[in-house]
Amino acid sequence: MRVLVTACGAPGAPGIIKSLRASKRTDLEIFGADMNPFAVGFSMVDRGFTVPAGVSPKYIPRMLELARAEKIDVILPLSTDELVPLAENRADFAEAGIKVCVSSPESLHIANNKANLYNFLRNNGVSIPDFRVVESFGEFEDAVHALGYPDIPVCFKPEVSNGGRGFRVLKTGVDKLHLLLKTKPNSTITTLEEIAPILRDADPFPRLLVSEYLSGDEYSADLLVRNGEPLVIIPRSRVVIKLGIAFIGRTEKNEAIMSQAARISRKIGLDYNINMQFMYSRDGVPKIVEINPRVSGTIVLCTAAGVNLPLLAVSMAMGEEFSIPEPKWGTLMIRYWGEVFYDENGHAYSL
């Protein structure tokens, strides 16, 4: 079985490749694709290939060429930018006998766009943050104040983004000297006064999602889904987060999160590996923040807890029979930095 893992230079790619390797299947070959020739995942796969970015018109032709030449059975995409192009061209891959672990274009249209997601879910019995979609600076100011700023914090982000890009929290009463001198230059905290000159002059003004700021505990839920029906849901607490990536997390049988995730999956009609992000409100209600309709960067924690979700998605795509074990609840993950080295001949090694 030949599996092609895309975006194998992503931060979570090593854990996903490790998950596939953990299967011990003797028939499994793993290939990698990335736009970066120095992608760390290339050191972990059987063969690696550079490809254009997912948004490039050259991406699909190159992926088809590569998949046919290497007789790929299943493509496992890791990057949000690749999902829609792959979904829209599934028929071309299927003609070549290649399965793609991706949801339908229609469900991705909802899941990938936060404004579409919130609008869709608010009438379907799902707890979502109070929000506004704005298309001008005047609308932005009105939305910020309508949601309680400056008395309470408010956040905003682009309606289409991933990895925390563009997310900011508007909050007054912050010690700016402390932010300047004691924190690393990646804080999301700012004020309306500080970002107003930037947004006021934006041309064109970006569509933004302005919402209540949820300050409670943060959770992710990793799912394996078939035609909208979740086969397994594994919530995990995000205990320590750096640059949007969980560095400490723990699997937790959170029934409230599991119930919400199941309802959302059925309503949207998702497929394969899906990640959902939840945060608790001040009154103790878990609310959906966003959906990553793909393999998540921290899904390796589920593998460590006994449920190898990337491998199960590949098996599902191949039409194989499989069983899903009960997760080992309470499994704790602690991440750390690692290194890969290359000698002068380009051969990878580790210490």
Side-chain angles (χ1 to χ4, degrees), residues 5-7 10 12 16 54-55 59-60 63 74-94 98-129 131 133 157-163 207 209 211 219-235 257-278 286-297 299 302 309-310 312-319 324:
V5 178
T6 75
I16 294 161
V55 295
Y59 174 73
I60 290 298
M63 288 293 290
V74 181
I75 296 175
L76 188 66
L78 272 57
S79 170
T80 300
D81 286 342
E82 299 169 316
L83 299 180
V84 170
L86 287 171
E88 290 177 342
N89 291 275
R90 282 183 303 178
D92 292 335
F93 288 95
I98 303 159
K99 308 289 195 287
V100 184
C101 295
V102 69
S103 298
S104 70
E106 294 77 18
S107 61
L108 292 176
H109 176 71
I110 297 170
N112 274 340
N113 184 299
K114 296 173 182 64
N116 291 347
L117 177 67
Y118 285 17
N119 279 317
F120 179 84
L121 292 179
R122 66 177 166 186
N123 297 319
N124 281 290
V126 175
S127 297
I128 60 171
F131 75 99
V133 179
K157 52 195 166 185
E159 64 175 355
V160 179
S161 67
N162 65 294
R207 276 174 60 93
L209 185 81
S211 72
Y219 284 80
S220 270
D222 289 309
L223 298 80
L224 181 67
V225 183
R226 179 188 282 139
N227 298 324
E229 186 60 33
L231 305 181
V232 62
I233 303 172
I234 306 178
I257 298 275
M258 295 167 78
S259 175
Q260 289 273 35
R263 176 183 286 270
I264 292 168
S265 178
R266 293 182 183 115
K267 291 292 182 182
I268 300 177
L270 298 164
D271 269 306
Y272 295 105
N273 293 134
I274 303 296
N275 172 259
M276 299 184 187
Q277 306 268 347
F278 295 85
K287 297 186 177 183
I288 183 72
V289 176
E290 64 180 47
I291 294 178
N292 299 302
R294 54 170 171 74
V295 187
S296 73
I299 205 168
C302 300
L309 291 175
L312 288 173
V314 170
S315 295
M316 190 172 88
M318 292 291 292
I324 301 175

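In what follows, residues are counted from 1 in the order of the sequence shown.
In this structure, the separation between CG on L309 and CG on L223 is 8.5 Å, given to the nearest 0.5 Å. Here the straight-line distance linking atom OG of S103 with atom NE2 of H109 works out to 14.5 Å at 0.5 Å rounding. In this structure, the separation between SG on C302 and CD1 on I233 is 11.5 Å, given to the nearest 0.5 Å. Here CD1 of I264 is found 12.0 Å from CD1 of I110. Values are rounded to the nearest 0.5 Å. With rounding to the nearest 0.5 Å, the separation of CG in L117 from CD1 in I268 is 5.0 Å.
With N273 as the partner, the side chain to side chain contact (heavy atoms under 4.5 Å, CB included) test is satisfied by one option alone out of V295, V225, V314, L312: V295. Each of N292, V289, L270, I257 was checked for a side chain to side chain contact (heavy atoms under 4.5 Å, CB included) with M276, and the lone residue meeting it is L270.
Among residues two or more places apart in sequence or in another chain, the ring-ring contact (aromatic ring centres under 6.0 Å, His included) test is passed with Y118 by F131. Partners of T80 according to the side chain to side chain donor-acceptor pair (under 3.5 Å) rule, which considers only residues two or more places apart in sequence or in another chain, are R294. Listed by chain and residue number, nothing satisfies the salt bridge (charged side-chain N to carboxylate O under 4.0 Å, His left out) test with K157 (two or more places apart in sequence, or in another chain). Applying the side chain to side chain donor-acceptor pair (under 3.5 Å) test to S259 and every residue at least two apart in sequence or in another chain returns nothing. Taking K99 as the reference, nothing meets the side chain to side chain donor-acceptor pair (under 3.5 Å) condition, with sequence neighbours excluded. In this structure E159 satisfies the side chain to side chain donor-acceptor pair (under 3.5 Å) test together with R207, sequence neighbours excluded. Take Y219 and apply the ring-ring contact (aromatic ring centres under 6.0 Å, His included) test, not counting sequence neighbours, and it matches Y280. Scanning for side-chain contact (heavy atoms from CB on, under 4.5 Å) contacts around N227 gives D271, with sequence neighbours left out.
Side-chain atoms of I291 and Q277, non-hydrogen and from C-beta on, never get closer than 4.5 Å to each other. For the pair V232 and I234, the minimum side-chain heavy-atom distance is below 4.5 Å. Using a 4.5 Å heavy-atom cutoff, the side chains of V102 and L108 are in contact. I299 is listed as a side-chain neighbour of S296, based on a closest heavy-atom distance under 4.5 Å. By the 4.5 Å heavy-atom criterion applied to side chains, K267 and N124 are counted as neighbours. F93 places a side-chain heavy atom less than 4.5 Å from the side chain of I60. Between I98 and V74, the closest side-chain pair of non-hydrogen atoms is not below 4.5 Å.
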Please assess R122 against I128 for the test side-chain contact (heavy atoms from CB on, under 4.5 Å), listing each intermediate value before the final yes or no. CA-CA 7 Å; R122 66 177 166 186; I128 60 171; 3.2 Å; yes

Assess the residue pair V126 and I288 against the criterion (side-chain contact (heavy atoms from CB on, under 4.5 Å)); give the C-alpha distance rounded to whole Å, side-chain angles, the decisive distance to 0.1 Å, and a yes or no. CA-CA 8 Å; V126 175; I288 183 72; 4.0 Å; yes

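Within the structure, salt bridge (Lys or Arg N to Asp or Glu O under 4.0 Å) pairs that include any residue of residues 219-235 comprise D222-R236, E229-R266 (at least two apart or interchain).
Checked by atom type and distance alone, the side chain of S265 never pairs as donor or acceptor with a backbone atom of A262 at under 3.5 Å.
When all heavy atoms of P158 and K114 are compared, the pair lying nearest together is O-CD, 3.9 Å. For G125 against R263, the heavy-atom pair with the smallest separation is O-CD, 3.6 Å. Across every non-hydrogen atom of S211 and P129, the tightest pair is CB-CB, 4.2 Å.
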Please output the side-chain donor-acceptor pairs of residues 81-90 that fall under 3.5 Å, not counting sequence neighbours, one pair per line with the distance.
from, atom 1, to, atom 2, distance (Å)
E82, OE1, T6, OG1, 2.6
E82, OE1, S79, N, 3.4
E82, OE2, Y59, OH, 3.0
N89, ND2, P85, O, 2.7
R90, NE, A87, O, 3.3

